[in-house]
Enquirer: 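Here's a structure for you.
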Amino acid sequence: MKKYIILTPEGETIAPNTDYSVENLQVLGIVEGVNNENEAIVKLLQENEWIIDAEYNVSEFIVYALL
C-alpha cells in the first residue's frame, strides 16, 4: 500500500505584507493505505466532504507518491 499527498493550485494565501502576491499550492491532505493515485483521490474525498463543499476542482489536483 502507498501514501500520497494531494495538492491544488486553487485557493489563495495572503502574505503578512500585502505588498506581495503569493503564488503557491494548497495541501488538501495526505492519504495512506491505497494502491494508486485514483484511489488516493477517492479516499481523500470520502474522508473530507468539505473539499467538494468548498468547490475545489478535482481535475486541478496534483498527486505525488510519498516514500
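Given the structure is predicted, the values throughout are model-derived calculations rather than measurements.
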Enquirer: Is there a donor-acceptor pair closer than 3.5 Å between any side-chain N or O of Glu10 and the backbone N or O of Asn57?
Expert: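 Answer holds: yes.
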Enquirer: Can you check side-chain contact (heavy atoms from CB on, under 4.5 Å) on Val22 and Ile14, steps first, answer last?
Expert: CA-CA 6 Å; Val22 178; Ile14 300 170; over 6 Å; no
Enquirer: Decide yes or no for Tyr56 and Leu28: does some side-chain heavy atom of the first lie under 4.5 Å from some side-chain heavy atom of the second?
Expert: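 Tyr56 reaches Leu28 side chain to side chain.
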Enquirer: Give the cluster check for Ile5 versus Ile41: same hydrophobic cluster or not, with ILVMFWY residues linked at side-chain heavy-atom distances below 4.5 Å.
Expert: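 Shared cluster, no.
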Enquirer: Side chains of Ile30 and Leu66: does their closest heavy-atom pair fall under 4.5 Å?
Expert: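 Yes; the side chains approach each other to less than 4.5 Å.
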Enquirer: How long is the straight-line distance from OH of Tyr4 back to CG of Leu44, given to the nearest 0.5 Å?
Expert: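 Leu44 atom CG to Tyr4 atom OH measures 13.5 Å (nearest 0.5 Å).
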Enquirer: Roughly how far, to the nearest 0.5 Å, is CD1 of Ile62 from OG1 of Thr8?
Expert: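 Interatomic distance, Thr8 OG1 to Ile62 CD1, rounded to 0.5 Å: 7.0 Å.
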Enquirer: Taking Asn48 for the side chain and Ile51 for the main chain, is one N or O donor matched with an acceptor at less than 3.5 Å?
Expert: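 Flag not set: sc Asn48 to bb Ile51 has no pair under 3.5 Å.
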Enquirer: Does atom CD of Glu23 have more than 12 heavy-atom neighbours, drawn from other residues, nucleotides or ligands, at distances under 6.0 Å?
Expert: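 No.
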Enquirer: Working to the nearest 0.5 Å, report the span between CZ of Phe61 and CG of Leu25.
Expert: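 One gets 12.5 Å once the value is rounded to the nearest 0.5 Å.
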Enquirer: Could you report the tightest heavy-atom contact between Glu49 and Gln46, atom names first, then the distance?
Expert: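 Minimum heavy-atom separation between Glu49 and Gln46: CG-O, 4.4 Å.
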Enquirer: I'd like to check Val31 versus Ile6 (side-chain heavy atoms, cut-off strictly below 4.5 Å). Are they in contact?
Expert: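 Yes, their side chains come closer than 4.5 Å.
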Enquirer: Can Thr13 and Gln26 be counted as having a side-chain donor-acceptor contact under 3.5 angstrom?
Expert: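 Per modelled atom types, Thr13 and Gln26 side chains form a pair under 3.5 Å.
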Enquirer: So how far is it from Lys2 NZ to Leu67 CG, rounded to the nearest 0.5 Å?
Expert: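 CG of Leu67 is found 10.5 Å from NZ of Lys2.
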Enquirer: Answer yes or no: is there a side-chain heavy-atom contact under 4.5 Å between Asn35 and Met1?
Expert: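 The answer is yes, as the side chains (C-beta and beyond) meet within the 4.5 Å cut-off.
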Enquirer: If the condition is side chain to side chain donor-acceptor pair (under 3.5 Å), which residues does Glu32 pass it with, not counting sequence neighbours?
Expert: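 Side chain to side chain donor-acceptor pair (under 3.5 Å) check on Glu32 returns nothing, list empty.
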